[in-house]
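So the structure is just underneath, and the comments pick up after that.
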Amino acid sequence: MTAPAPCATLARDDLQVVTFGLGREVFAVPVVLVREILDYQAPSHVPGGPAHFLGLTDVRGLGVPTVDFRRRLGLPPAEPTLATRIIILDVPLPDRTLALGIVIDRVLAVVTLSGERIEPAPDIGTEWSAQFVHGVVRDADGFVVVLDLPRIFAGEDPVLANPPISPGMPIAGGCPCPC
């Protein structure tokens, strides 16, 4: 029997998350998907990707595809600051686990959200595509948007499906070529 996806049980169970900011908005991803959080260093550029694909980040000798999460969510890009981080994720997809770095403005905290406080994704009234939102939690300063990472990164994005190879840098998850 397969364990449920980390986002599948949000309505019933408490969920430990990493919260982070993009502009004034606060988002959360399940801790179980976070491999590590790195200080920002510009990824090595790889040509031919979509606008949100920045390149590869070296994580212990593996080239991890890295995206500008602002652009992936349809926000304008922002210049990196001292608070900018790269969150390295292991995102479960139907046919594999995707190792991926997302560039975010700042990490806020690791918190446990009560399952009772997680509300369904709104149909309207939010500038974020509801298909990418698993739920929202009200807090003193507004909302924390709990993201559904598998839905965000399971699309037809060819770069994420078959990440490009940089000479001399192995790709996380193995070589995508038929060698």
Side-chain angles (χ1 to χ4, degrees), residues 6-7 17-110 126-134 144-177 179:
C7 295
V17 297
V18 173
T19 59
F20 61 91
L22 292 175
R24 296 185 330 237
E25 308 302 326
V26 177
F27 297 93
V29 295
V31 166
V32 298
L33 301 182
V34 177
R35 185 186 314 169
E36 59 188 293
I37 299 171
L38 305 174
D39 289 337
Y40 179 79
Q41 289 188 346
S44 297
H45 179 71
V46 177
H52 62 272
F53 178 66
L54 298 174
L56 298 174
T57 297
D58 185 0
V59 180
R60 299 183 210 322
L62 294 177
V64 176
T66 302
V67 300
D68 181 335
F69 207 47
R70 289 174 141 273
R71 289 182 124 180
R72 182 66 177 107
L73 295 179
L75 294 169
E79 288 297 315
T81 68
L82 292 176
T84 302
R85 299 289 180 264
I86 300 175
I87 300 177
I88 304 298
L89 302 165
D90 290 314
V91 181
L93 298 178
D95 59 341
R96 70 193 184 287
T97 298
L98 176 65
L100 184 69
I102 61 171
V103 176
I104 51 94
D105 294 352
R106 66 199 172 285
V107 171
L108 300 172
V110 175
T126 181
E127 57 191 58
W128 312 111
S129 175
Q131 69 178 342
F132 297 154
V133 176
H134 188 79
V144 175
V145 179
V146 181
L147 295 170
D148 187 340
L149 291 174
R151 289 189 96 179
I152 292 173
F153 293 111
E156 331 49 68
D157 197 337
V159 169
L160 298 178
N162 293 304
I165 300 172
S166 178
M169 186 175 271
I171 301 296
C175 178
C177 63
C179 53

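For the residue pair V34 and V29, the shortest heavy atom distance occurs at CG2-CG2, 3.9 Å. In this structure, L54 and P43 approach most closely via the heavy-atom pair CB-CG, 3.9 Å.
The stretch residues 36-53 participates, sequence neighbours left out, in these salt bridge (charged side-chain N to carboxylate O under 4.0 Å, His left out) pairs: E36-R60, D39-R85.
Taken to the nearest 0.5 Å, the CG atom of L149 stands 11.5 Å off from the NE2 atom of H134. If you take CG on L22 and CZ on F27, they are separated by 5.0 Å, rounding to the nearest 0.5 Å. The CG atom of L62 lies 10.5 Å from the CG atom of L56; values are rounded to the nearest 0.5 Å. Note that OG1 of T66 is 7.5 Å distant from CZ of F53, once rounded to the nearest 0.5 Å.
In this structure, I87 and L33 have side chains that are not in contact, with every pair of non-hydrogen atoms separated by 4.5 Å or more. Between R72 and I152 there is a side-chain heavy-atom pair separated by less than 4.5 Å.
Screening I37, L147, V26 for a side chain to side chain contact (heavy atoms under 4.5 Å, CB included) with F20, the sole residue that qualifies is L147.
Scored by the side-chain contact (heavy atoms from CB on, under 4.5 Å) test, A109 finds T19, V111 as partners (sequence neighbours excluded).
Under the 3.5 Å distance criterion, the side-chain polar atoms of T81 are left unmatched by any main-chain donor or acceptor of E79.
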Expected list for residues 98-106: side-chain donor-acceptor pairs under 3.5 angstrom, two or more places apart:
unit_1 : atom_1 : unit_2 : atom_2 : d
D105   : OD1    : R70    : NE     : 3.0
D105   : OD2    : G23    : N      : 2.6
D105   : OD2    : R70    : NE     : 3.2
D105   : OD2    : R70    : NH2    : 3.0
R106   : NH1    : G23    : O      : 3.1
R106   : NH2    : G23    : O      : 2.6

